[in-house]
Amino acid sequence: MLGTGLLIYMLSKEIYVINHETFAALSIGSVIVYGVKKFGPSVAAFADKLNEEKVAKAQEVKDAALASLTQAVEQEKKEQWRAEGRTLLFDAKKNNVAMLLETNYRERLHMVTNEVKRRLDYQIALQDLHRRMEQEHMINWVEKSVIGSITPQQEKESIAKCISDLKVLAKSTKATV
């Protein structure tokens with residue numbers, strides 16, 4: 001009612017004048033309504049099909065991007081795991097280097113100890129040699145002194161005493177045999 005009343009008001013007050021453009025607009029409008037009624041469902045199906053293809057392509061792109069991003073996340077997690085392992089590897093290498101340094105230190109310490117022991121042994125052997133040489137020299141000196149202090153008279157008495165001791169020994173051994 002409102003539409004009809006409004007249309008009649010506009011026509012009676014000559015706000016809207018009917019002319020050849022009005023008939024053209026009505027005929028174009030009726031052709032558009034007929035086209036929509038006749039071809040609308042098939043055009044809508046075609047448009048839906050195009051839209052679904054675009055949505056499917058967009059979904060494929062989205063799935064491919066999601067798959068690549070998922071793979072990138074997995075790779076990143078693997079790299080983070082490797083980075084954590086790398087710190088353990090570096091710690092192990094540091095420990096190996098520290099053990100090598102400790103081994104080298106101990107080997108050098110052992111070498112120095114052996115060298116010092118060898119030199120001390122040499123000094124002890126040298127002191128023993130000096131002591132033995134001093135003892136031999138003293139023995140030779142005492143022997144020379146004793147031999148030099150024996151007079152020919154004492155030597156004759158000593159030889160005579162030895163001979164008498166031997167005769168007594170010989171008699172005692174004959175008596176026991």
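Side chains included, hydrogens not; waters and symmetry mates left out as well; all remaining heavy atoms used.
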Check [Y] with [X], please: is the shortest side-chain N to carboxylate O separation under 4.0 Å?
X: Arg119; Y: Glu115; answer: yes
X: Glu102; Y: Arg106; answer: yes
X: Glu136; Y: Arg132; answer: yes
X: Arg118; Y: Asp121; answer: no

Distance, nearest 0.5 Å, that separates [atom1] of [X] from [atom2] of [Y]:
X: Thr103; Y: His110; atom1: OG1; atom2: NE2; value: 13.5 Å
X: Glu76; Y: Leu69; atom1: CD; atom2: CG; value: 12.5 Å
X: Glu143; Y: Ile147; atom1: CD; atom2: CD1; value: 6.0 Å
X: Leu2; Y: Leu7; atom1: CG; atom2: CG; value: 11.0 Å
X: Leu100; Y: Asn95; atom1: CG; atom2: CG; value: 11.0 Å
X: Leu66; Y: Gln71; atom1: CG; atom2: CD; value: 12.0 Å

If hydrophobic clusters are built by linking Ile, Leu, Val, Met, Phe, Trp and Tyr wherever their side-chain heavy atoms come under 4.5 Å apart, do [X] and [Y] end up in the same one?
X: Val33; Y: Phe39; result: no
X: Ile18; Y: Ile8; result: no
X: Leu120; Y: Val112; result: yes
X: Ile28; Y: Val36; result: yes
X: Val146; Y: Trp141; result: yes

Check your understanding: How about Asp63 and Gln59: does a side-chain donor come under 3.5 Å of a side-chain acceptor?
Key ->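 Judged by distance alone, the side chains do pair up.
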Exercise for review: Determine whether more than 12 heavy atoms belonging to other residues, nucleotides or ligands lie under 6.0 Å from atom CD of Glu14.
Suggested key: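 Counting neighbours around CD of Glu14, 12 or fewer heavy atoms of other residues, nucleotides or ligands fall under 6.0 Å, so no.
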Check your understanding: Does atom CD of Glu155 have more than 12 heavy-atom neighbours from other groups under 6.0 Å away?
Key ->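 No, CD of Glu155 has 12 or fewer neighbouring heavy atoms, counting only those of other groups under 6.0 Å.
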Review point. If only atom types and distance count, is the side chain of Thr4 paired as donor or acceptor with the main-chain N or O of Met1 below 3.5 Å?
Key: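 Not a single qualifying donor-acceptor pair exists.
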Point to revise | Residue list, salt bridge (charged side-chain N to carboxylate O under 4.0 Å, His left out) with Glu79, at least two apart or on another chain | key: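 Glu79 satisfies salt bridge (charged side-chain N to carboxylate O under 4.0 Å, His left out) with Arg82 only.
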Check your understanding: Is the shortest heavy-atom distance from the side chain of Glu53 to the side chain of Lys49 under 4.5 Å?
Key ->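 Yes - at least one pair of side-chain heavy atoms lies under 4.5 Å apart.
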**Study point:** Sequence neighbours excluded, every pair satisfying side chain to side chain donor-acceptor pair (under 3.5 Å) that has a member inside residues 27-45
**Key:**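 The answer is none; no pair qualifies.
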